[in-house]
Amino acid sequence: MKKKITFLFAMLAGLVTTAMAGNVISADPLTITQNGTAELTINLTNTDKVRGLQFTLTLPEGVTVESLGENEVAISYGDGNQTYTPTNGLLVSTTKRTSNWWALGNKVGDDYKFVLLDPKGDGVAALEEGADAAIMKITFKAASGSTGGNVVISDIHMSIEGSTEDATQADVTIEDAVTVSNLVRGDVNKNGSVEI
């Protein structure tokens, strides 16, 4: 009987470890001044090598993703230094972990869809303990009168090395992810008024 109980505990421990391990996207909260911009950092805590991912962002009212405007940015990649020019017009960028990747975004209805992929197919290795998890930066803009609020990351799909099916993740709601402050120009001591 003792052997059966020990075996059962070992199996349960294995299930818990498997359930806790995985590949998870998250975001860091940020503060923006009204009519100002700030970068939202997207993080990937991964136990598998990830070759690409996509997700949708739902933002608080009055908060948008900054546009590149008329300028298009050419992205160089690959050994032959090929060039790809995205036409989505959203201000997104990669980080040190994904420096040779493509980061693309598009506004669809009220939401924003993003794709981050490695054109060479090398992927990003599992995150080492204590390493920076940042994989992407998205520039947000807050309209006048916006108060900020929650950000929802949904429709998450990841391409995992060695798997023929995308890994998916449940929707993530980051409570009060965007805080919008009312900046008063000349208010150096931040008391809400200009004395000098």
Give the table of side-chain donor-acceptor pairs shorter than 3.5 Å for residues 125-133, with sequence neighbours excluded, one pair per line with atom names and distance.
unit_1, atom_1, unit_2, atom_2, d
D132, OD1, A134, N, 3.1

Which atom pairs, one a donor and one an acceptor, fall under 3.5 Å between side chains of residues 140-149 and the rest of the protein, sequence neighbours left out?
unit_1, atom_1, unit_2, atom_2, d
S146, OG, E61, O, 3.2
S146, OG, G148, N, 3.4

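Legend: residues meeting side-chain hydrogen bond (donor to acceptor under 3.5 Å, both in side chains) with S26, ordered by chain and number and at least two apart, are absent. D122 meets the side-chain hydrogen bond (donor to acceptor under 3.5 Å, both in side chains) test with no other residue; sequence neighbours excluded. With sequence neighbours left out, R97 forms a salt bridge (Lys or Arg N to Asp or Glu O under 4.0 Å) with no residue at all. For D118, there are no side-chain hydrogen bond (donor to acceptor under 3.5 Å, both in side chains) partners at least two apart in sequence or on another chain. The side-chain hydrogen bond (donor to acceptor under 3.5 Å, both in side chains) check on T94 picks up nothing, with sequence neighbours excluded. With sequence neighbours excluded, no residue forms a salt bridge (Lys or Arg N to Asp or Glu O under 4.0 Å) with K137.
Side-chain contact between N150 and I174 is absent, with no heavy-atom pair separated by less than 4.5 Å. The closest side-chain heavy-atom distance from V180 to T33 is not below 4.5 Å. Contact of the I42 side chain with the I25 side chain is registered, since non-hydrogen atoms from C-beta on lie closer than 4.5 Å. Counting heavy atoms from C-beta on, the side chains of K113 and D155 come closer than 4.5 Å.
The two atoms that bring I32 and A38 nearest to each other are CG1-CB, 3.7 Å, heavy atoms only. Between A103 and V92, the closest heavy-atom pair is O-CG2, 3.1 Å.
A continuous path of ILVMFWY side-chain contacts below 4.5 Å connects V172 to L30, so both sit in one hydrophobic cluster. Criterion: ILVMFWY side-chain heavy atoms under 4.5 Å apart, direct or through other members. Under it, V115 and W102 are part of a common hydrophobic cluster.
Rounded to the nearest 0.5 Å, atoms OG (S67) and CG (L91) are 8.5 Å apart. M158 contributes atom CE, which lies 15.5 Å from atom CZ of R51 (distance to the nearest 0.5 angstrom). In this structure, CD in E39 is found 5.0 Å from OG in S93, a value given to the nearest 0.5 Å. Taking NZ of K120 as the reference point, atom CH2 of W101 lies at 12.5 Å (rounded to 0.5 Å).
The side chain to side chain contact (heavy atoms under 4.5 Å, CB included) test with L44 singles out one residue from T95, V24, V124, L116, and that residue is V124.
Here the side chain of D111 pairs no donor or acceptor atom with the backbone of T56 at under 3.5 angstrom. In this structure a side-chain-to-backbone donor-acceptor pair under 3.5 Å is present from N23 to T47. A donor-acceptor distance shorter than 3.5 angstrom exists from the side chain of K107 to the backbone of G109, with no hydrogens or angles considered.
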Passes side-chain contact (heavy atoms from CB on, under 4.5 Å), L57 versus I153? Steps please.
CA-CA 5 Å; L57 279 185; I153 307 174; 3.6 Å; yes
Walk me through whether L59 and V178 qualify under side-chain contact (heavy atoms from CB on, under 4.5 Å).
CA-CA 9 Å; L59 306 179; V178 180; 5.8 Å; no
Show your working on side-chain contact (heavy atoms from CB on, under 4.5 Å) between D110 and T58 and close with a plain yes or no.
CA-CA 7 Å; D110 292 334; T58 304; over 6 Å; no
I would like to know whether N43 and I135 meet side-chain contact (heavy atoms from CB on, under 4.5 Å); could you show each step before the answer?
CA-CA 6 Å; N43 301 305; I135 57 166; over 6 Å; no
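Each side chain to side chain donor-acceptor pair (under 3.5 Å) pair with one or both residues in residues 162-171, not counting sequence neighbours, would appear here, but there are none. Every pair passing ring pair (Phe, Tyr, Trp, His ring centres under 6.0 Å) that includes a residue from residues 32-63 is listed here, sequence neighbours excluded: F55-F114.
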